[in-house]
Amino acid sequence: VQLQASGGGLVQAGGSLRLSCAASGRTFSMYNMGWFRQAPGKEREFVTAITGSGDSTYYADSVKGRFTISRDNAKNTVYLQMNSLKPEDTAVYYCAATPYGALSTATMYATWGQGTLVTVSS
């Protein structure tokens, strides 16, 4: 599977953005999908993940209640709805795919999109 992330941009604090990650291939539903982010000077961190069926989702504490992950397997796309954005959410956001569990662990993901920049101004 190959991944293409989009939807990043500049938004004021308190605003919203929706990121999309389009996947190629016929086996999209077999992959658990995750979103990670990397801020300047910081390590890449887990944001959220969703299982292949979409039945289960997982969130980092820092985004719970503000971000929502979803997927449309018919469209081979996973989404990240980000509400109540904060300046500390500023980062390059990456989508990733894995056939394995341990969804919050970046090393479990073999396939990554190119990243999309989200900038939240105060």
TODO: Report yes or no: do V47 and M108 belong to one cluster of Ile/Leu/Val/Met/Phe/Trp/Tyr joined by side chain heavy-atom distances under 4.5 Å?
DONE: no
TODO: For the residue pair S16 and Q81, establish whether any side-chain heavy-atom pair is separated by less than 4.5 Å.
DONE: yes
Open item on the list: Looking at every heavy atom in both A39 and A91, which two are closest together, and how far apart are they?
Closed with: N-CB, 3.8 Å
- [ ] Could you tell me whether a side-chain N or O of T98 sits under 3.5 Å from a main-chain N or O of Y100, the two making a donor and an acceptor?
- [x] yes
TODO: Work out which heavy atom in W35 is nearest to a heavy atom in S20; give both atom names and the distance.
DONE: CH2-O, 3.7 Å
Task: Validation row: F67, T48 side chains within 4.5 angstrom (heavy atoms) - done: no
TODO: Return each pair, listed once, that meets side chain to side chain donor-acceptor pair (under 3.5 Å) where at least one residue sits in residues 109-122; pairs must be two or more places apart or across chains.
DONE: none
Open item on the list: Tell me whether K64 is salt-bridged to D61, with the criterion being a basic N under 4.0 Å from an acidic carboxylate O.
Closed with: yes
Open item on the list: Tell me whether S24 contacts the main-chain N or O of Q2 through its side chain, where contact means a donor paired with an acceptor under 3.5 Å.
Closed with: yes
Open item on the list: Which heavy atom of V78 sits nearest to which heavy atom of S70, and what is that distance?
Closed with: CG2-O, 3.1 Å
- [ ] Please check if atom CD in E88 has more than 12 non-hydrogen atoms from other residues, nucleotides or ligands closer than 6.0 Å.
- [x] yes
Task: Any side-chain heavy-atom pair of T51 and Y58 under 4.5 Å - done: yes
Task: Nearest atoms (heavy-atom pairs only) where M33 meets C21 - done: CE-SG, 4.2 Å
Open item on the list: With clusters defined by side-chain heavy atoms of hydrophobic residues (ILVMFWY) lying less than 4.5 Å apart, directly or transitively, does Y79 cluster with V92?
Closed with: no
Open item on the list: Check for me, please, whether F36 and L103 land in the same ILVMFWY cluster - side-chain distances under 4.5 Å, paths through other members count.
Closed with: yes
- [ ] Measure from the side-chain N and O atoms of R66 to the backbone N and O of S84, and report whether any donor-acceptor pair falls under 3.5 Å.
- [x] yes
TODO: Please round to the nearest 0.5 Å and tell me the distance separating atom CG of L3 and atom OH of Y94.
DONE: 13.5 Å
- [ ] Measure from the side-chain N and O atoms of R37 to the backbone N and O of V118, and report whether any donor-acceptor pair falls under 3.5 Å.
- [x] no
Open item on the list: Within the 4.5 Å heavy-atom criterion, are V63 and M82 side-chain neighbours or not?
Closed with: no
TODO: Could you list the residues that satisfy ring pair (Phe, Tyr, Trp, His ring centres under 6.0 Å) with Y59, not counting sequence neighbours?
DONE: none
Open item on the list: Check whether N73 reaches the backbone of S53 with its side chain - one donor and one acceptor, N or O, closer than 3.5 Å.
Closed with: no
- [ ] Look up atom OG1 in T90 and atom CG in L10, then write down how far apart they are to the nearest 0.5 Å.
- [x] 8.5 Å
- [ ] Spell out, yes or no, whether I69 and L17 are grouped together once hydrophobic residues are joined by side-chain heavy atoms under 4.5 Å, including indirect joins.
- [x] yes
